[in-house]
Novice: 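Sharing a structure below in structure tokens format, with a few things to ask.
Residue numbers run from 1 in the order of the sequence given. Below, all heavy atoms of this structure are taken into account, side chains as well, without hydrogens, waters or symmetry copies.
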Amino acid sequence: MTRGFNKEFEHSDALMQAALNEFVEKGYDKASLNHILKTANMSKGSFYYHFNNKEDLYLNLIDMLIQKKQLFLAKVMNPSDYSKDIFSIFKTQIRIGMQFANEYPDINRFANSFIKEKGTPIYEKALTRHNFQDNDQMNKLIEASYNKGEIRQTLPLEFVQSLIGFLFTNIVDVADMSKPDHYESSLNHLIDFLKNGLTDQ
């Protein structure tokens, strides 16, 4: 049986919206599953057919929102964008990511609320499912760039992949996601740092 949001079911969209709003407004711990189900007009029996509990719903919601962003990225990016150097690709992805945030403000609000969960068990569980260090697409992109000589060969590939993944995963520690301009500029500063380091030489 396919569980979670991977399969369309009655009240799926309503459940997603109700859960998104509840988690944004109250945070994970204080969010009420009963209130979510009432708002979505969904029975407990139907809910537990698709999800194990509130945690399962939260993690599946993150899965679905990330998938929506990936589909948006694939749709908006031109194939020619991937022929550029990796630093230009990253900046294009950042620009499109900000476009996604503007077009889907509810999802952006959820992303901001998720960052506030940092340090909690649910945040750590979510990161075990989704982080840039274990992102196959990101690692393949870095490997292709490494093989083209865009990244200096004196650094081991695995180190570069781990370092870039770590920096992207933890950019929220130095960038304010609630301020889109600051977040975007911080991401672009990170790309410039990866490309040029800390010196002007």
Novice: Looking at His35, I want to see if its NE2 is surrounded by more than 12 non-hydrogen atoms of other residues, nucleotides or ligands under 6.0 Å.
Specialist: no
Novice: Which atom names give the shortest non-hydrogen contact between Lys54 and Leu33, and what distance separates them?
Specialist: N-CD2, 4.3 Å
Novice: Between Glu117 and Tyr28, is there a donor-acceptor pair closer than 3.5 Å when you use the side chain of the first and the backbone of the second?
Specialist: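 Pair found, side chain donor or acceptor close to backbone of Tyr28.
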Novice: To the nearest 0.5 Å, what is the distance between CG (Asp176) and CG (Asp181)?
Specialist: 11.0 Å
Novice: Are the side chain of Asn135 and the backbone N or O of Met138 linked by a donor-acceptor pair below 3.5 Å?
Specialist: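 Confirmed, Asn135 side chain pairs with Met138 backbone.
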Novice: Determine the minimum heavy-atom distance between Ala126 and Ile62, stating which atoms define it.
Specialist: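 Ala126 and Ile62 have their closest heavy atoms at CB-CD1, 3.8 Å.
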Novice: Looking at Asp192 and Lys91, is any side-chain nitrogen of the basic one under 4.0 Å from a carboxylate oxygen of the acidic one?
Specialist: yes
Novice: Can you check side-chain contact (heavy atoms from CB on, under 4.5 Å) on Leu190 and Phe90, steps first, answer last?
Specialist: CA-CA 10 Å; Leu190 172 59; Phe90 283 156; over 6 Å; no
Novice: Please report the interatomic distance NZ(Lys44) to CG(Asn34), rounded to the nearest 0.5 Å.
Specialist: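 So the gap between those two atoms works out to 4.0 Å.
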Novice: Looking at every non-hydrogen atom in both residues, tell me the closest pair between Asn112 and Ser178 and how far apart they are.
Specialist: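 Result for this residue pair: OD1-N, 3.4 Å.
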Novice: Any salt bridge linking Asp85 with Lys148? Criterion: basic side-chain nitrogen under 4.0 Å from a carboxylate oxygen.
Specialist: no
Novice: Once side-chain hydrogen bond (donor to acceptor under 3.5 Å, both in side chains) is applied, do any residues pair with Asn188, and if so which ones, sequence neighbours excluded?
Specialist: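 Result, side-chain hydrogen bond (donor to acceptor under 3.5 Å, both in side chains) vs Asn188: none returned.
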Novice: If you round to the nearest 0.5 Å, how far is CD of Gln93 from CG of Leu187?
Specialist: 11.0 Å
Novice: Using modelled atom types and a 3.5 Å cut-off, is there a donor and acceptor pairing between side-chain atoms of Lys195 and backbone atoms of Ile86?
Specialist: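 Flag not set: sc Lys195 to bb Ile86 has no pair under 3.5 Å.
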Novice: In chain order, what residues pass the salt bridge (Lys or Arg N to Asp or Glu O under 4.0 Å) check against Glu143, with sequence neighbours excluded?
Specialist: none
Novice: Taking atom OG1 of Thr128 and atom CG of Leu59, what is their separation to the nearest 0.5 Å?
Specialist: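 It is 7.5 Å, given to the nearest 0.5 Å.
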Novice: Kindly write out the residues that satisfy ring-ring contact (aromatic ring centres under 6.0 Å, His included) with Tyr82, not counting sequence neighbours, or none if the list is empty.
Specialist: none
Novice: If the condition is salt bridge (Lys or Arg N to Asp or Glu O under 4.0 Å), which residues does Glu22 pass it with, not counting sequence neighbours?
Specialist: Lys26
Novice: Assess whether side-chain contact (heavy atoms from CB on, under 4.5 Å) is satisfied between Asp63 and His130, documenting all intermediate values.
Specialist: CA-CA 8 Å; Asp63 293 346; His130 298 289; 2.5 Å; yes
Novice: Starting at CD1 of Ile151, measure out to CG of Leu157 and round the result to the nearest 0.5 Å.
Specialist: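 That separation rounds to 7.5 Å.
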Novice: Okay, side chain of Ser46, backbone of Ser43: is any donor-acceptor separation there less than 3.5 Å?
Specialist: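 Checked: no pair found.
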Novice: side-chain hydrogen bond (donor to acceptor under 3.5 Å, both in side chains), that's the test. Do His50 and Asp56 meet it? Break it down for me.
Specialist: CA-CA 9 Å; His50 296 283; Asp56 192 29; over 6 Å; no
Novice: So, taking the atom named CG in Leu163 and the one named CG in Leu167, what distance separates them when rounded to the nearest 0.5 Å?
Specialist: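 Here the interatomic distance stands at 4.5 Å.
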Novice: Quick check against the 3.5 Å criterion: does Lys69 have a side-chain atom that pairs as donor or acceptor with the backbone of Ile107?
Specialist: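 The answer is no, because no donor-acceptor pair under 3.5 Å joins these two groups.
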Novice: With sequence neighbours left out, write down each residue that passes ring-ring contact (aromatic ring centres under 6.0 Å, His included) with Phe100, or none if nothing qualifies.
Specialist: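 Phe72, Tyr104.
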Novice: Can you name the ring-ring contact (aromatic ring centres under 6.0 Å, His included) partners of Tyr146, sequence neighbours left out?
Specialist: none
Novice: Please indicate whether Lys68 has more than 12 foreign heavy atoms, meaning atoms of other residues, nucleotides or ligands, lying under 6.0 Å from its NZ.
Specialist: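 12 or below, so no.
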Novice: Phe114: which residues meet the ring-ring contact (aromatic ring centres under 6.0 Å, His included) condition with it, sequence neighbours left out?
Specialist: Tyr123
Novice: Please report the shortest heavy-atom distance between Leu61 and Phe110, naming the atom on each side.
Specialist: CD2-CE1, 3.7 Å
Novice: Do Phe159 and Phe166 pass the ring-ring contact (aromatic ring centres under 6.0 Å, His included) test, and can you show the C-alpha distance, the side-chain angles, and the key distance before you say yes or no?
Specialist: CA-CA 10 Å; Phe159 170 79; Phe166 176 84; over 10 Å; no
Novice: Closest approach of Phe47 and Asn53, non-hydrogen atoms and distance?
Specialist: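 Where Phe47 meets Asn53 most closely, the heavy atoms are CZ-O, 3.7 Å.
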Novice: Check salt bridge (Lys or Arg N to Asp or Glu O under 4.0 Å) between Lys84 and all other residues, then give those that pass, not counting sequence neighbours.
Specialist: Asp81
Novice: Flag yes if more than 12 heavy atoms outside Gln137 fall under 6.0 Å of its CD atom; otherwise flag no.
Specialist: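 At most 12 heavy atoms, drawn from other residues, nucleotides or ligands, come within 6.0 Å of this atom.
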Novice: Using every non-hydrogen atom in the two residues, find where Asn108 and Ala101 come nearest and quote the distance to one decimal.
Specialist: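 Heavy-atom minimum between the residues: OD1-CB, 3.6 Å.
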Novice: Is there a chain of hydrophobic side chains (I, L, V, M, F, W, Y, each step under 4.5 Å between heavy atoms) that links Leu71 to Ile89?
Specialist: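 No; Ile89 is not reachable from Leu71 via cluster members.
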Novice: Suppose we screen for salt bridge (Lys or Arg N to Asp or Glu O under 4.0 Å). Which residues come up paired with Asp106, at least two apart in sequence or across chains?
Specialist: Arg109
Novice: Please identify each residue that fulfils side-chain hydrogen bond (donor to acceptor under 3.5 Å, both in side chains) with Ser145, with sequence neighbours left out.
Specialist: Glu150
Novice: Using distance only, find each side-chain donor-acceptor pair of residues 73-80 under 3.5 Å and give its atom names and separation, not counting sequence neighbours.
Specialist:
none

Novice: So, using side-chain hydrogen bond (donor to acceptor under 3.5 Å, both in side chains) as the criterion, who are the partners of Asn21 when residues are at least two apart?
Specialist: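 With sequence neighbours excluded, Asn21 shows a side-chain hydrogen bond (donor to acceptor under 3.5 Å, both in side chains) to Gln17, given in chain and number order.
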